[in-house]
Every structure is written in structure tokens, then in C-alpha cells.
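Letters A, B, ... are given to chains in the order of the sequence lines, protein chains preceding strands, and every chain is numbered from 1.
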Amino acid sequence: MKKLLLGNEAVARGAYEAGVKVATAYPGTPSTEITECIASYDEIYAEWSPNEKVALEVAIGSAISGARAIVSMKHVGLNVAADPLFTVAYTGVNAGLVIVVADDPGMHSSQNEQNTRYYGMAANIPVLEPADSQEAKDFVVLAFDISEKYDTPVILRMTTRVSHSQSIVELCEPERQKLKEYEKDVSKYVMMPAMAKARHVAVEERMKRLGRDSNTISINKIELNDKAIGIITSGIAYQYVKEVFHTASILKLGMVYPFPDELIREFAAKVDRLYVIEELEPFIEEHVKGMGLDIHSGGMFSIQGELSGNIIYSSITNKDLELRPKADIPGRPPVLCPGCPHRGVYSVIKKLKLHAAGDIGCYTLGALPPLEGIDTCICMGASVGMVHGMEKARGRDEAKKWIGVIGDSTFIHSGITGLIDIIYNKGMSTVAILDNSTTGMTGHQDHPATGKTIKGEPAPVLNLVELIHAIGVEHIEVVDPYDIERTEEVLKEEVQREEPSVIIFSRPCALLTKERKKPFVVNQDKCRHCNMCLGIACPAIVRNDKKISIDDTLCNGCGLCANVCRFNAIERLVD
Amino acid sequence: MYVDLMQLKGWLIKMGTTNILIVGVGGQGTLLTSRIIGSLAMELGYDVKLSEVHGMAQRGGSVVTHVKFGDKIFSPLIEVGKADIIIAFEKLEALRWLHYLSDTGVIIVNDQKIDPLPVILGIAQYPHDVLDRIREGSSKCIVIDALSIAKGLGNDRVLNTVLLGVLANQLDIPIEVWLKAVEENVPSSTIEINKRAFMEGYNQ
């Protein structure tokens with residue numbers, strides 16, 4: 001049977017067909033749908049883990065104990081999971097272990113553009129790179145075979161355009177996988193120096209064997225056509241190449257690490273001019289150059305952003321395609337949704353002229369004008385540690401102008417340890433947890449404080465107040481961020497406090513509740529055109545010349561605009 | 001059910017591939033529209049690829065979905081200047097993506113204005129001549145007030161299905177095929193209203 005599947009759904013299907021028993025993840029665009037989709041298979045245990053490190057460790061536990069496991073994350077998630085990653089390469093696996101990492105060239109929804117292929121090289125782990133949904137599914141199945149044959153974890157590197165494109169996939173029956181025997185083996189699974197030294201030797205031998213076998217593996221293949229141009233490529237770049245060079249000869253690498261040196265030499269010898277076409281850093285290109293081969297594409301492509309058929313065609317043929325220019329019109333940056341509970345908090349932060357160390361989530365959008373509510377955004381959990389660092393650097397008086405701002409899911413992911421640091425090292429920072437009861441930006445995934453598992457089953461609810469109290473924070477306030485007066489009052493008080501404090505701004509995401517109350521309207525007789533309401537950056541508020549009105553199709557009836565209007569000109573619509 | 005590519009209207013046939021770009025503002029329902037077209041094209045026996053936007057841009061930003069079908073599709077993305085049809089859920093977005101339209105392409109524009117934040121803040125102006133510029137820059141432009149039609153039906157969320165109806169009227173694919181695709185892709189409680197929305201667009 002054939003089905004149109006997202007690349008991510010195809011990975012999930014591949015896991016099902018490969019007989020995976022355990023699937024773990026922390027949500028992150030563009031990887032989220034993989035595990036969401038896996039959760040729909042009754043045969044597979046699936047979980048949202050608190051973060052990627054835990055997710056990988058759970059998967060390692062499953063694999064070593066004898067059941068196939070798959071763990072999925074976005075590229076920056078692999079930084080969090082890097083600690084177990086490098087050492088599970090040493091221990092190897094028992095049953096197969098596949099680590100799916102979705103990179104985001106072009107940064108559609110990410111804070112950097114890192115390239116996971118280098119992780120494979122650094123950690124001595126083979127990397128497979130599918131180019132469409134069919135390959136995504138097939139490569140998962142193959143990755144499990146490689147994992148077990150070579151006793152190694154395998155990285156499946158996706159990119160946004162593979163993860164979030166749909167193409168046709170032929171579905172197969174699932175394999176039945178028996179639980180493998182588990183045998184205690186301290187020399188293999190306990191990585192103390194003496195054992196690890198021996199395992200490092202095993203790792204090198206394994207990579208040599210994989211390197212040799214990569215010359216004949218089915219997914220590294222030469223498509224010989226016109227020999228004037230020969231292109232080495234992989235992943236989504238292969239599709240762009242095929243789109244514009246129908247007749248070129250291609251060496252398509254399905255396994256991008258380790259490199260198939262013999263196959264590369266064989267291909268290079270057959271073509272007149274050799275090109276390497278890949279997104280981001282010249283990972284393959286540098287290696288091919290290092291082999292002493294001449295490459296005509298050296299430095300031709302930017303290491304920033306995505307490629308396209310047009311970019312490849314015009315670069316290689318050196319032709320100006322004379323494309324129509326983009327219209328010069330106002331941009332449309334993403335914004336906090338109408339009714340978003342974060343909006344009120346940011347409008348108060350701005351009013352009080354506070355600085356905020358921000359974090360990763362929908363609330364990062366609060367950095368944009370006019371709210372301009374956060375000063376920094378580095379990585380998951382960074383807000384808490386950073387606000388503490390600012391206090392230690394600039395002193396306690398300065399600390400009263402700063403807060404940390406973090407979401408509920410992000411706090412559980414990696415904010416907790418930062419808070420422990422503040423307590424342990426006698427800080428006085430205030431941390432605001434914008435608790436919207438979900439993992440919002442990635443599309444509403446549950447987490448330990450929502451009371452539901454990935455499969456929708458009831459789960460124990462992590463009580464944030466008790467947790468934070470147990471860490472040692474004595475001043476904890478829970479505030480409804482729709483209550484703008486209370487929000488201001490509490491923020492003012494807590495930042496002045498000479499002791500650490502946490503404010504939990506608690507209200508579910510407006511998209512989650514799908515609650516749409518009666519919309520608001522502007523009473524034109526009362527409106528004094530002060531533009532105060534524009535300062536909350538609500539997409540439902542419209543200005544035509546001077547006239548302010550509210551778009552009733554966008555308004556969700558939260559009433560924040562009515563709250564900030566000093567002339568009571570914004571009123572709830574009555575029938 | 002198989003409809004030969006050659007049965008499609010003349011302007012649609014282009015080297016065996018049909019490229020449809022769907023653009024709008026995050027939250028308007030562009031994804032559902034592309035998925036309906038995709039499943040329909042697959043049912044007709046074509047190779048199909050769709051490329052979607054998830055994550056940050058869905059929060060009220062400019063969003064685009066690429067739909068390609070034909071004998072064999074490689075890249076999931078439509079290149080600049082290669083779109084046979086653009087369906088724009090918002091008119092400024094129509095103008096933003098207009099350079100993707102081919103010289104012979106058709107653009108379907110929902111005559112709705114959603115101010116982007118820079119306009120709301122008064123940093124930028126919403127251009128007054130959006131529709132004129134779209135008409136100037138395209139060989140065929142269809143403008144429709146799908147939002148009013150959807151509101152008239154009692155649910156502003158079905159504006160995407162109204163626009164799907166407009167698209168369907170541009171293609172010689174039997175209407176039953178479209179209606180079946182609509183039925184299979186919308187929540188079961190909204191099948192009836194979506195079918196009505198589709199017909200409103202189709203009969204425009």
C-alpha cells in the first residue's frame with residue numbers, strides 16, 4: 001500500500017516496520033512529528049522525555065537490554081544529549097539504537113544552523129541521510145540492521161525539507177523482533193578508563209570496517225549519465241540537483257559518514273569535472289579535497305542557509321537566471337497569538353523597564369518590537385543561569401533590574417539545575433516561569449507537569465510549586481497573567497526582593513483551550529488615538545490611518561487590550 | 001479513478017509537472033488545503049511532493065506550502081518563476097510570493113487584508129495598490145472574497161475550502177473526486193459545511 005507521508009511520519013513508520021520497542025524524544029522543530037506519530041502505534045512504547053539527554057539514555061537502556069530503540073531530537077537537542085552520545089559509541093549496543101537528528105538549514109525555527117554530520121565524525125558514529133520520505137522509512141530499517149551488524153549506534157540525519165515534506169511511501173509489514181539476550185559485560189558496558197581504552201580500539205576497528213563496507217553499501221550509489229559533469233551529493237541537495245541537472249552523473253551518498261573513499265575515486269575517474277553539492281559546511285567537500293581530488297565547486301556555495309535548484313544551476317553554469325525580483329513590501333514576522341497569556345507579562349516587563357534573560361519557546365517572540373521584553377536567548381534553560389551570572393557580575397542592585405523568563409516545558413527540560421545554582425550559590429534572582437501548560441512552539445506536546453503522557457494517558461502531575469519549594473526557593477507566587485494589575489504588582493515586588501524568588505504565570509495556551517470569547521470592539525467615540533493598545537502587539541488590533549479597530553475574526557476575547565486602554569474605549573461585543 | 005494529465009486545461013500542462021504554491025498567514029489553514037490537493041493528486045496516480053512550514057512561522061508569520069505533482073517529482077520545493085498556480089489566503093502574501101509565479105501562471109487571491117505587525121505599529125504602510133500590482137504581475141488573476149463567503153456560511157474557518165473550490169474550477173478534475181478528498185481530510189463534524197464552502201468557491 002502507498003501513502004503520502006511527511007518525512008517525519010515515514011521515520012515513524014520505519015521504526016514500526018523495524019520492530020522498535022522503545023521510542024523517546026523531547027519535542028523540537030523540525031523533529032517533533034516523528035515521536036508524535038510513533039505514539040500512534042500500540043506496539044511501541046513512546047515517551048516525551050524531560051530532555052534529549054534523558055531521551056537518549058532511556059533509548060540506550062532499551063538497546064543494551066535487548067530491544068530496538070529510537071530517539072529523536074532537533075539538532076540543538078543533540079548538544080544536550082552529547083554526553084551519552086560520545087560514550088555509547090564506545091559501549092556499542094546490543095539491540096539496534098538509532099538516533100534521529102533533524103537539522104534546520106536556513107533556521108526556519110532554530111537558534112543556530114549546526115551541522116550534525118560533524119557529530120558523527122567527532123563521536124565515531126555512522127550517519128545516514130535520506131532525501132525523501134521513502135528513503136526516510138527505508139533508511140531507518142537499514143540503520144537498525146547496521147546498528148546490530150556493527151554493534152554501533154547510528155545517526156539518521158534529517159533536514160527541515162526532508163522532515164516537513166510529504167512524498168509517497170510504499171508501506172511494508174513490520175518485522176518481528178525478539179528481545180535479544182542481555183548478558184552482563186563490564187568490559188563493554190562500564191566505561192571506566194581501563195575498559196574504555198580497550199573499547200576505543202574496538203571503535204576504531206568498527207569505523208575502519210564501516211568505511212570499507214561503505215564502498216559497497218546499497219545506499220551509496222553512482223548514477224552514470226553524461227560524464228561531462230559529475231556531482232557528489234546527499235540528502236535534500238540530491239533532489240535539487242536532479243531538478244536542474246537531469247543528465248549529470250551523480251554519486252549519491254546515503255551514508256555520509258564514514259566516507260566511501262574507493263567509490264569516490266571510482267566516480268571521480270569516470271567524470272570530467274567533479275562537483276560536491278551539499279548544504280551548510282563543506283563536510284564531504286573537505287574530505288574529497290583531502291583525498292587529493294580536484295573539485296570545481298570549491299567555495300562555490302555559501303555555508304549559510306539552504307540551497308535551491310536555481311542556486312545550484314546558476315552557480316554551476318555561471319548564468320544569471322534573470323529571476324523576477326521580490327516585491328518590496330512590509331515583512332510579516334511571527335507574533336504571539338491573539339489571547340496569548342505571555343503578552344500581558346511582556347507588556348508589564350516593558351512598562352517596568354526590566355531586562356530579561358530569555359529562553360527557547362513561543363515566548364522568545366516577546367523579544368520583537370514593540371514588546372521587546374527579553375534581552376537574550378541562547379539555548380534551552382539558559383535564562384536561569386544567565387540571570388544569576390548577571391547578578392554575580394554586576395551586583396545586587398543591578399540584579400533588581402533583571403529577571404529570567406522561561407516556559408514550563410523548558411524549565412523542566414533544563415531550568416531546574418540553574419535554579420538550584422541560584423539557591424546553592426546564594427543568588428537573589430527572580431525567575432518568571434511562563435506556564436502555559438504545554439510545549440507551545442512545537443505544536444502542543446505534553447510534559448511532566450501536564451498530567452498526560454504522549455499517548456494521552458493520565459500521568460502523575462509534576463507540581464512545580466512543590467518542586468521549586470524543595471529546591472529552596474521560599475518566595476513563590478502564582479499569578480494569572482490575564483490579571484495585569486496583579487502581574488505588575490508581583491513583578492515589582494519580587495525583583496526588589498533581596499532573596500531568590502519565582503513567579504509562575506499560569507494560564508493555558510490560547511490555542512490549547514481553543515476558547516474564543518466574545519470579541520472586543522473599539523468605541524470610536526471614546527478612542528483618543530493614544531495608541532497604547534498597539535503596544536501589546538496583538539495581531540487582531542488594526543490601524544487604518546488613525547482609526548483603531550479590532551479584527552473580529554482574529555480576536556479571541558482575552559481583554560488585555562481593554563485592560564491597557566486608559567479611556568475605556570475598548571469594550572466587549574454584546575449581541 | 002484516474003484522470004489523464006492531458007485532460008487538464010491547457011495552461012496547467014507544463015513539462016509534466018504541476019506546481020501549486022499556497023501562501024498565507026500562519027493559522028489560516030493553508031496546510032489542510034495542501035494536504036487535500038496532495039491526497040487527490042496521489043489518487044489520480046501522480047507522483048506527489050508537498051513541502052510545509054511547521055514551528056515558529058506558524059505563529060502569525062508569512063507561511064508557504066509547496067505542492068507538486070506529475071510523472072516524477074524530485075525537489076519538494078517550487079523554484080522562483082515556476083509556480084503554475086498560486087493560491088493566496090491574504091493579498092499582501094500574494095504579492096510577497098508573486099515572483100514565484102510563472103509567466104503563464106494563475107494567481108487566486110482571497111481579498112482579505114491582515115495587517116502585519118510593522119503595519120500595526122505604524123513602522124510600515126500596507127500598500128494601497130496590492131491588487132493592482134498582482135494583476136500587473138500575472139497573466140491571470142482571480143480575486144475572491146472568500147472570508148465573506150465563509151462567514152455567510154456561518155464559520156469563518158472554512159475560507160480555505162472556499163478557495164479550494166475556486167482552484168477546483170480551474171482544473172478538469174471531476175467534482176466528485178474533489179468532494180471525496182474534502183470529506184476525507186476535514187474533521188467529520190465539519191464535512192457538510194466544508195462541502196458547502198467548496199461548492200460556493202467552485203460556483204464563483
Side-chain angles (χ1 to χ4, degrees), chain A residues 2-4 6 29-30 32-33 104 108-110 132 160-168 236 238-244 308-310 321 323-327 329-338 362 364-365 368-370 441-443 511 531 534 537-539 541-543 551 553-554, chain B residues 25-27 34-35 38-39 41-42 47-63 66 73-77 79-82 90 92-93 95-101 112-127 130 133 137 147 151 156-157 159:
Chain A
K2 286 186 173 173
K3 219 175 161 186
L4 200 53
L6 275 179
T29 314
T32 312
E33 301 81 6
D104 190 16
H108 298 274
S109 206
S110 301
D132 61 18
T160 303
R161 300 300 186 179
V162 179
S163 283
H164 287 165
S165 290
Q166 296 200 31
S167 56
I168 297 172
I236 194 68
Y238 166 81
Q239 306 289 7
Y240 301 151
V241 166
K242 290 293 279 186
E243 187 83 15
V244 290
S308 72
N310 283 345
L321 296 178
L323 300 173
R324 298 167 72 173
K326 280 185 203 167
I329 51 174
R332 191 185 296 276
V335 287
L336 296 174
C337 304
C362 282
T364 317
L365 294 172
L368 302 175
M441 181 63 92
T442 46
L511 297 182
N531 292 345
L534 296 178
C538 178
I541 300 178
V542 184
R543 177 166 66 174
D551 183 334
T553 62
L554 294 174
Chain B
V25 177
S34 65
R35 287 180 176 188
S39 68
M42 191 181 143
D47 190 16
V48 184
K49 284 191 178 167
L50 314 178
S51 184
E52 309 176 345
V53 175
H54 297 222
M56 188 177 268
Q58 284 180 296
R59 303 281 169 262
S62 169
V63 292
H66 303 245
I73 306 297
F74 290 104
S75 167
L77 299 183
E79 299 288 335
V80 171
K82 296 281 170 63
E90 198 274 348
L92 187 62
E93 294 311 307
L95 189 52
R96 188 184 314 286
W97 297 94
L98 187 63
H99 59 298
Y100 273 76
L101 195 67
Q112 186 183 351
K113 174 175 176 260
I114 300 176
D115 285 345
L117 205 55
V119 170
I120 295 175
L121 299 177
I123 302 164
Q125 291 287 321
Y126 195 105
V130 172
R133 285 164 75 180
L147 183 63
K151 279 183 176 174
D156 54 34
R157 308 260 159 183
L159 91 91

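Most heavy-atom pairs under 4.5 Å with chain B: of the set A:C538, A:P333, A:P338, this distinction falls to A:P333. The candidate from A:G331, A:G443, A:P539 with the greatest count of non-hydrogen atom pairs under 4.5 Å with chain B is A:G331.
The nearest pair of heavy atoms linking B:F74 to A:E243 is CB-OE1, 3.7 Å. For B:I114 against A:R332, the heavy-atom pair with the smallest separation is O-NH1, 2.9 Å. Counting all heavy atoms, side chain and backbone alike, B:M42 lies closest to A:K2 at CE-O, 3.3 Å. Across all their heavy atoms, A:I329 and B:L92 have their closest contact at CD1-O, 3.6 Å. Scanning all heavy atoms of the two residues, the minimum distance from A:N310 to B:E79 falls at N-OE1, 3.0 Å. When all heavy atoms of A:P370 and B:L117 are compared, the pair lying nearest together is CD-CD2, 4.1 Å.
Not counting sequence neighbours, the partners of A:D551 by the side chain to side chain contact (heavy atoms under 4.5 Å, CB included) test are A:V542, A:T553, A:L554.
Not a single donor-acceptor pair under 3.5 Å links the side chain of B:R96 to the backbone N or O of A:K326. Remark: side-chain polar atoms of A:R543 are not paired, donor with acceptor, to backbone N or O of B:D115 under 3.5 angstrom.
Interface residue A:L6: only side-chain heavy atoms are found under 4.5 Å from chain B. For A:N531, no part lies under 4.5 angstrom from a heavy atom of chain B. Only the side chain of A:L511 comes within less than 4.5 Å of a heavy atom in chain B; its backbone stays farther off. Heavy atoms of B:L101 lying under 4.5 Å from chain A belong to its backbone as well as its side chain. Residue contact with chain B, scored on non-hydrogen atoms closer than 4.5 Å, involves the backbone of A:P325 exclusively.
Counting only residues at least two apart or in different chains, side-chain hydrogen bond (donor to acceptor under 3.5 Å, both in side chains) contacts with residues 116-127 of chain B comprise B:E90-B:Y126.
Checked against A:I236 for a side chain to side chain contact (heavy atoms under 4.5 Å, CB included), the options B:P76, B:S75, B:S51 give a single hit: B:P76.
The 12-atom threshold is exceeded at NZ of B:K151, counting heavy atoms of other residues, nucleotides or ligands nearer than 6.0 Å.
Note that the CG atom of B:L121 and the CG atom of A:L534 stand 7.0 Å from one another [nearest 0.5 Å]. Rounded to the nearest 0.5 angstrom, A:R161 CZ and B:K49 NZ are separated by 13.0 Å.
Counting heavy atoms from C-beta outward, A:P369 and B:P118 have side chains that stay 4.5 Å or more apart.
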